[in-house]
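Read the structure below first, then the notes.
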Amino acid sequence: MNAKSRAKKTNASPDKKKTKSVLATFKQATQVFKPAEEEEKKETLASLAAKYRAGLEQEEAKRKTEMEEKERAAAAALTAPAVDSGSQTTDGNLKSSVAGKKKRARFPAFMKKRGKKDERAGPRASVTLDTFGTSGHAEPGSRSFPETRLDLGESSGTEEVNIDGPEENTVHVNLRKEDSGLYFNDGLRKIDFILVYEEQVETKKSVSATEERIKKWRQKFFNNLKKAGLHIEEEMVENDKKLITFIKLHAPWDVCCAYAESLSIRAPLQVVPDSKAHPNPTSNWSSKFLETFHIPNMMDQVVPNMPLDYYTCQFKTSKLERFLGSENPDTFFEDIHRHRILWEILSTTIYGKKKRAEIGVERLMDEHGLVAAFPLHDGSHKNHDRNAKPETLNKRQVLYKYWARWGCWYKYQPLDHIREYFGEKIGIYFAWLGFYTAWLLPASIVGVLVFLYGLITFNDNIPAKEICDSNKDYKMCPVCDEDIGCEYWYLSDVCLFVKIAYLFDHPGTVFYAVFVSFWAVTFLEYWKRKNASLAHHWDCLDFEEEEERPRPDYAARAPELKENPITGINEPYFDPSKRFPRILSGIAAIVIMMCLVLIFIIAVIMYRVLISIPLFENENLRARASTIASMTAAVVNLIIIMTLGKVYEKLAYKLTQWEMHRTQTEFEDQLTFKVFIFQFVNFYSSIIYVAFFKGKFVGYPGNYNRFFGLRSEECNNGGCLVELAQQLGVIMIGKQIINNAQEIILPKLKGFWHRLNTRFDKKVQRSRWEDDYELIENEGLFQEYLEMILQFGFITIFVAAFPLAPLFALLNNWVEIRLDAHKFVCETRRPVAERAQDIGVWFTILETLAQLAVISNAFLIAFTSEFLPRLMYQYQYQWSLDGYTNFTLAEAPNNTLREPCRYRDYREPDGNHTMFYWKLLAVRLAFVIVFEHVVFGICKMIDILVPDIPETLELKIKRERYLAKQALADTDTLLMMARRNELEEDDVDLNVRKTPSPKTSAA
């Protein structure tokens, strides 16, 4: 040891020695902590489970004692002598009154939370099975008063139950209506999930082998649920033909803790302070804008019971005391967390043989072992008490009153309440839909202004005036062969269509195409910022990278287990080399279906050609022949599109399931990709044909190009752009009308048919699970996203042909938001809450469509619109466009037709292209290149200038990470911090000794 070290050791202060001693003791104590961490976790769970069981057993014993006393009191009341008038008090809770032979007794506390079990007539039974091996049976008439019948009174605050005994005695019992339908019959354990199965009421004794096998599967499934720790209770309802059994499930505290840690559920550490440094991302820019200028905001509304914003981290049982609300097991986990836990258990529970993948509730429902599985809604969505305070409404009633009603169509959406009730995935969908709808407003306004510009300059269209004033100057060639009856026609016959075409084809259209390209890119950039803020606000910012587990179906079907290289935990594993051939099979199926779509497109084209022949033969319909043929073909095409789409979606789902994707995000991304590729071809192929191919390869008289013996069709009389606008209008608007009609009518028809098959007794008050069972099944968000993404393609890819498309999309989306909201709140069963950090692969598709829109609009303006030909004619010949109509018409070569005629093209009399045609082609190609480069360059600049994550979010993220580390830091981290402090103190001590004192310096 050198002199410097000895000096340091000798001069160490007593406080320093004490600190080192404490650190040494701490180090020794923590050496054995890490290996024992798992044991501590197990012991903690076991302790929690024991306390929970003991508490339940005490509550059960206390409840049984109280029930026995009250039943004895009720029996005594029934046998007590009659009182002619007035009332007689027998104890503090019991009052008897008699009118004639009937007696009345009131029990404010008796059956306060058990009355739902016996409140209907007809044969029904309740069986309680729990993890402690106890079972109880409550049959009608099993109490002191046999043949019990319960009817609900009309009181709004309480339930009055009539219990008729054998001597026409009646007992009236007051029950709470508030939450009694959401709990087990003991009134303590909350119902987390409902399973339903139906059995036919038959007199025959023999049971088929299939039914016997299903019963065994069902029994094994329920037994395995019990082994997993769930509490089970049955309710049976019988109608004329069916016996419907409702299985109520409850996850106790220890099960919730174990699965919450396994599922990486996030728990609250601290309430986020209400500070301007942490803005709520569910707020709207329009609200801030109106507030800045002190303008009243009619869209704003105060929604009660606003969910609190917490700093959170992943739940760990060993650190339970660090979380807010951990002292109350009944309310610590939110409903959506309990639903996720139950769904995880249900999806991984075996009901048959594991080798045959007979696992999970979804597979059991496919085998008809169950007919439904769903969590309960939080009571009715209607509030019958008009005087009730907003704070007393349940979550479902809040959503209905402030979101799902049609009267709220102009109000902001309560996104935090939507997420709290339905989960992050549905919350992000409605956030995106509202954001997209708001951004459609500026695009719609500019589109209407562009259309109005066409109306204002309508009479200044020189080429249209020339056509209308031409009378019989321009005799046009037949649009089909003379041999089949097609006649010659005059250009002046299509005067009206040429004028209409100008509304969609004028200089303002070019500006609007550029504007929409910038609009689409800016919209996507700002959505990324909004999405990042929402994902952090809802604690799912890193969900896909860190927390997402294997899909239950994947886990059930995977043939082996393998260690996850990231987490080090053994997980179900499926070899990717085996998945690749399955993916290739899926691609082959997509190609086959797309070929089928192309076959139907060819069929529609042939229909359009063939139907136009008899229309041209009719003198009265000749002027409108092309329009009628195009419109009817568009309607036929729409019907084919909708039919093929439904067939392929089912096929794509089966193929994606067969491919065995590990996580739910991967599964949905692959399914979305398959369906969208097909739907893109399905919806857009006919429009692409009209926009870029129709009329481009016709040929000329005497040398027409033929297809299956028929001439290649030409554009209708107003030009290809007008026909494209017709196609867009029919397909886009028609699809919106059909989808909205489906969302309004189909749920009601399905609900009516389901209620007709269920046939619950309408004379009695139904339970919460019966009301929810009468609702239709929730079908998820796939169709909703697909509808909106296809709409986005219509308003961006082909907007140059239809400037009013964003306006129709805006009107549709205002209706769509309320339709979807009403459907989720009022018409469908409550879905299982799912986590998501963004809209998934749909965003990638949106970006692709935005880039494709730039290319599409460039080619539309260059090759389909008349903008560039008119501009070149103005520059080269006549700026006023006088003579433009005659310039664009070529003469038919001699001896090719019976009469001389004109046709649209830039050709010499011998059929060769003119020099103007080649110059125009060069200008068109140059325009496409310049347009694309300029727009793409500016879009890239927007992408760079607009950061994906707002700067105001950084402080909040750092604060939350700091709190999470402080709350869940393990002993290794504490030891490391202690060592670092020790080294820093040593360095400070050494530096102090090296620094000379003032006296020494003076010397």
**OP:** Test side-chain contact (heavy atoms from CB on, under 4.5 Å) on Val832 and Phe193 and set out the steps.
**Re:** CA-CA 10 Å; Val832 178; Phe193 226 87; 3.7 Å; yes
Just checking [X] against [Y], ring centres under 6.0 Å apart?
X	Y	answer
Phe523	Trp519	yes
Phe333	Trp253	yes
Phe824	Phe430	yes

Original post:
Applying the side chain to side chain contact (heavy atoms under 4.5 Å, CB included) test to Phe843, which of Leu524, Ile789, Asp838 qualifies?
Top reply: Leu524
Subject >> Ion pair Arg419/Glu424, N-O distance below 4.0 Å >> reply: yes
**OP:** Would you mind checking if Lys425 and Glu668 are paired as a salt bridge, meaning a charged N to carboxylate O distance below 4.0 Å?
**Re:** yes
Between [X] (side chain only) and [Y] (backbone N and O only), is there a donor and an acceptor less than 3.5 Å apart?
X	Y	result
Thr656	Gln670	no
Arg396	Gly379	yes
Arg189	Pro252	no
Glu261	Thr317	yes
Asn778	Pro831	no
Thr828	Lys823	yes
Thr522	Phe518	yes
Glu344	Leu263	no
Gln397	His381	no
Asn812	Phe808	no

Distance in Å, [X] [atom1] paired with [Y] [atom2], rounded so as to fall on 0.5 Å steps:
X	Y	atom1	atom2	value
Phe315	His337	CZ	NE2	11.5 Å
Leu440	Phe792	CG	CZ	9.0 Å
Ile428	Leu433	CD1	CG	13.5 Å
Ile845	Thr672	CD1	OG1	6.0 Å
Gln791	Leu810	CD	CG	9.0 Å
Ile839	Leu781	CD1	CG	11.5 Å

Side chains of [X] and [Y]: closer than 4.5 Å at any heavy-atom pair?
X	Y	result
Cys256	Phe332	no
Gln851	Phe936	yes
Ile341	Ile265	yes
Met788	Leu846	no
Phe680	Leu852	yes
Glu420	Ile336	no
Phe374	Leu376	yes
Leu849	Phe676	yes

**OP:** Give the intermediate values and the outcome of ring pair (Phe, Tyr, Trp, His ring centres under 6.0 Å) for residues Tyr429 and Phe782.
**Re:** CA-CA 10 Å; Tyr429 163 72; Phe782 184 83; over 10 Å; no
Original post:
With sequence neighbours left out, what residues match Phe794 under ring pair (Phe, Tyr, Trp, His ring centres under 6.0 Å)?
Top reply: Tyr684
With a cut-off of 6.0 Å (strictly less than), are more than 12 heavy atoms of other residues, nucleotides or ligands near [atom1] of [X]?
X	atom1	answer
Glu779	CD	no
Met299	CE	yes
Tyr526	OH	no

Original post:
For Ile194 and Lys248, what are the C-alpha separation, side-chain angles and deciding distance, and is it a side-chain contact (heavy atoms from CB on, under 4.5 Å)?
Top reply: CA-CA 5 Å; Ile194 292 289; Lys248 297 179 281 187; 3.5 Å; yes
**OP:** Could you give me the CA-CA distance, side-chain angles and deciding distance for Trp403 and Val398, then say whether side-chain contact (heavy atoms from CB on, under 4.5 Å) is met?
**Re:** CA-CA 8 Å; Trp403 180 50; Val398 169; over 6 Å; no
**OP:** Kindly confirm or rule out a cation-pi arrangement of Arg830 over Tyr421, judged by NZ or CZ under 6.0 Å from the six-membered ring centre and within 45° of its axis?
**Re:** yes
If every non-hydrogen atom of [X] is compared with every non-hydrogen atom of [Y], which pair is closest and at what distance?
X	Y	value
Ile795	Ala809	CG2-CB, 4.0 Å
Arg340	Ala833	CG-O, 3.1 Å
Pro296	Leu290	O-CD1, 4.5 Å

**OP:** Could you go through the side chain to side chain donor-acceptor pair (under 3.5 Å) check for His377 and Asp771 one step at a time?
**Re:** CA-CA 9 Å; His377 279 292; Asp771 285 339; over 6 Å; no
Subject >> Met306 and His417: CA distance, side-chain angles, deciding distance, side-chain contact (heavy atoms from CB on, under 4.5 Å) verdict >> reply: CA-CA 7 Å; Met306 184 69 181; His417 293 77; 3.6 Å; yes
